[in-house]
Amino acid sequence: AVVSTQSTGGILTEHFAGKWPFWLSPRQVMVVPVMPMFNDYANELQRKLHLQGIAIDTDLDDGSTLNKKVRNAQLAQYNFIFVVGEKEQTSGTVNVRTRDNVVHGEFTYEDISEKLSRLRDSKSNLDTLE
């Protein structure tokens, strides 16, 4: 039987309940700066990871609280949320959590970049950072 791309997409969407595995996800990472003064660092991370083929956005809404930005990213089903502030900017790191609010902690840019590329290329259905 011939199955259309549209019905295949529907079957996959239903199977994953909107929680796409990292390698298929159109919303892989959201960068959330804790305050507007860290927007430049958030944009720099976004630019560098985008060049590596990661589907990454930044939430630069200065009117939203940190908790609201994180919650919005979780509701939008971003696989990972990177929270960045003074500590992360100074040390060149990101603080990583998942859409299910599992906190993975702090990673250097190089480390997280490598882990995301490996996760994407593995085509795993598990969003684990190993």
Heavy-atom closest contact (Gln52 atom, Ser113 atom, distance): OE1-OG, 2.5 Å

Closest heavy-atom pair, Pro26 versus Trp20, reported as atoms and distance to 0.1 Å, is CD-CD1, 4.0 Å

Taking atom OG of Ser117 and atom CG of Leu49, what is their separation to the nearest 0.5 Å?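 Answer rounded to 0.5 Å: 8.0 Å.
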
Straight-line distance of Lys123 NZ to Trp23 CH2, nearest 0.5 Å: 6.0 Å

Could Asp100 and Lys19 be called an ion pair, given the rule that one side-chain N must be under 4.0 Å from one carboxylate O? yes

Salt bridge flag under 4.0 Å for residues Asp127 and Arg99: yes

Any cation-pi pair here, Lys115 with Phe107, using under 6.0 Å and within 45°? no

Counting distance only, does the side-chain N/O of [X] pair as donor-acceptor with the main-chain N or O of [Y] below 3.5 Å?
{"X": "Glu114", "Y": "Asp111", "value": "no"}
{"X": "Gln28", "Y": "Phe22", "value": "yes"}
{"X": "Ser64", "Y": "Lys68", "value": "no"}
{"X": "Gln46", "Y": "Ile56", "value": "yes"}

Using side chain to side chain donor-acceptor pair (under 3.5 Å) as the criterion, list what pairs up with Ser25, not counting sequence neighbours.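 Side chain to side chain donor-acceptor pair (under 3.5 Å) list for Ser25, sorted by chain: Asn79.
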
Verify side-chain contact (heavy atoms from CB on, under 4.5 Å) between Leu66 and Val83, making sure each step is shown before the conclusion. CA-CA 9 Å; Leu66 174 63; Val83 177; 3.9 Å; yes

Among Val32, Thr58, Val29, exactly one meets side chain to side chain contact (heavy atoms under 4.5 Å, CB included) together with Phe82. Which residue is that? Val29

Transitive ILVMFWY side-chain link Val94 to Met30, under 4.5 Å: no

Single-linkage hydrophobic cluster Leu45~Phe80, side-chain heavy atoms < 4.5 angstrom: yes

